[in-house]
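When reading the values below, keep in mind they use all heavy atoms of this one structure, side chains included, and skip hydrogens, waters and symmetry mates. Order of appearance sets the numbers: ligands from 1, and atoms from 1 within every ligand.
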Amino acid sequence: MQTHLSEAFVGTPQGETAQAILRKCVHCGFCTATCPTYQLLGNELDGPRGRIYLIKQVLEGDEATKRTQLHLDRCLTCRSCETTCPSGVEYGKLLDIGRAVVDREVPRTMVARLKRAALKLAVPNTKLVGVMLWFARSFKPLMPTNLAKKIPAYEPPKPWPSTQHSRRMIIHQGCIQRVAKPAINAAAARYLDANSISAVRTDDACCGALGLHMADHAFFERYAKRNIDAWWPEIEAGAEAIVSTASGCGVTIKDYGYLLEADPEYAHKAKRIADMTIDIAEVFNANAASQGKALYRKVAFQSPCTLQHGQKIVATVEQILHQHGVETTPVADAHLCCGSAGVYSLLQPKISMQLLDDKLSALQEHAPQCIVTANIGCLMHMESKADLPVRHWIEVVAPPE
Ligand code: SF4
Ligand code: SF4
């Protein structure tokens, strides 16, 4: 695709990156066929190729409008289009640039700004999330069933194994997951322990993805740098990997190198951390070991977009489940998003719920005992409406407490 950037973007890092991405696109439209929002809304501008044109126009000097912003807002950032694209167009990076530029030019309403500010204040604050969940659970009996189902049941904090091994890996604890579902990281720690690897906890925090979803790079940088500072002493002391049990966080941390490459103080550390970050499924891919009896015999696996499209980890979790004697049921349209997509379910609830209904129908079709996933956002989103238990797959195969 030919591009003629406006003066404002020529020679800037954003402009150069966007131009290199745009030039790879040959407008073939293959990506459109696998885009969930295009499938639902049927509008070219709600598909990847249409959004690429919109971003290109703005970078070439056309005025960004509310309509431009709406079509970019409706994108799930699922990156299904990247998997389909034969030309290797890095749509996700382009969208981040496009959203930031459009948000600078098109002010949001006061209500939208307040909503976004509240999310950025609350989600990474684990103490506040804990208090909010406590209040929500207290009033659960008074809520209508569909609302009550959105409140996760209380899970007490779980102990982590204390055996010291010579091999050590840091587990990223993150924000919502450590409060709402502490059993996930405890299960990962038990699995590492059973493979003679110590799981290390640090004072880490939100991965920063929340800021990227809302075009707030300053927010992202604040949390990414906090994590780097928390992990660095352990890395210098010999920790061999950062392990993520939430694919949405893992995909973001794996991008720290790119996202902080212009920061003179953090670029080097960010690159090193990005290179040593792995999903929990990748640990066992390299260190396969069978542990105990699985919790369920037959599950449906929902492969999060951030796992299959973002991190390109495909079929690994299924293989691990099979190694443990767990059958996985067929899932139609497994490449499509469940509608969670970070804070998308709160900002675009209508599209999100349509996608959730479709996803749950596909997952529940062959009568599994449980739905398993690899990302906390998808887990809680599906749990809010599923007829079955929804768990992280590591909980199914980890040794018992
Ligand atoms: S599939 Fe790739 S090259 Fe084709 S239109 Fe989509 S982004 Fe462009
Ligand atoms: S990221 Fe997902 S929703 Fe957005 S354009 Fe690509 S396929 Fe469509």
Checklist entry - Quick one: are E240 and M276 in side-chain contact, heavy atoms under 4.5 Å? => result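 They are not in contact (no side-chain heavy atoms under 4.5 Å apart), so the answer is no.
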
Checklist entry - So do T68 and D62 actually touch side chain to side chain, heavy atoms under 4.5 Å? => result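 Contact flag for D62/T68 side chains = no.
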
Test of understanding: given a 4.0 Å heavy-atom threshold, classify the contact between [X] and ligand 2 as side chain, backbone, both, or neither.
| X | answer |
| --- | --- |
| R51 | side chain |
| Y38 | neither |
| L95 | neither |

Of all the atoms in ligand 2, which lie at a distance below 4.0 Å from a heavy atom belonging to [X]?
| X | value |
| --- | --- |
| P36 | 7 (S) |
| C35 | 3 (S), 5 (S), 7 (S), 8 (Fe) |
| R79 | 1 (S), 2 (Fe) |

Checklist entry - Non-hydrogen atoms of G29 versus ligand 1: any pair closer than 4.0 Å? => result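 Yes, G29 has heavy atoms under 4.0 Å from ligand 1.
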
Next on the checklist: When you measure from the heavy atoms of P86 to every atom of ligand 1, does any distance fall below 4.0 Å?
Outcome noted: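 Judged by the 4.0 Å heavy-atom criterion, P86 does count as contacting ligand 1.
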
Checklist entry - Taking the side chain from T252 and the backbone from G248, do they hold a donor-acceptor pair closer than 3.5 Å? => result yes

Item to check | Worked verdict on C81 versus R51 for side chain to side chain contact (heavy atoms under 4.5 Å, CB included) | outcome: CA-CA 11 Å; C81 47; R51 292 181 178 122; over 6 Å; no

Item to check | Distance-only side-chain donor-acceptor flag, H172 / S244, under 3.5 Å | outcome: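 No.
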
Checklist entry - Just checking, any donor-acceptor pair under 3.5 angstrom between side chains of T3 and R23? => result yes

Tell me the protein heavy atom at minimum distance from [atom], and give that distance in Å.
| atom | answer |
| --- | --- |
| atom 6 (Fe) of ligand 1 | C31 SG, 2.3 Å |
| atom 8 (Fe) of ligand 1 | C25 SG, 2.4 Å |
| atom 4 (Fe) of ligand 2 | C75 SG, 2.3 Å |
| atom 3 (S) of ligand 2 | L76 N, 3.5 Å |

Checklist entry - Which atoms of ligand 1 have any heavy atom of V26 under 4.0 Å away? => result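 Heavy-atom distances to V26 below 4.0 Å select 3 (S), 8 (Fe).
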
Checklist entry - Taking only heavy atoms of I52, which atoms of ligand 1 are found under 4.0 Å from at least one of them? => result 7 (S)

Checklist entry - Near atom 8 (Fe) of ligand 1, is there an N/O/S atom from C28 that is less than 2.8 Å away? => result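 C28 does not place any N, O or S atom closer than 2.8 Å to atom 8 (Fe) of ligand 1.
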
Checklist entry - Who's closest to atom 2 (Fe) of ligand 1 heavy-atom-wise, of S87, C81, G50, C85? => result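 Shortest heavy-atom distance from atom 2 (Fe) of ligand 1: C85.
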
Next on the checklist: Using the side-chain hydrogen bond (donor to acceptor under 3.5 Å, both in side chains) definition, which of the options N185, D204, T126 pairs with R178?
Outcome noted: D204

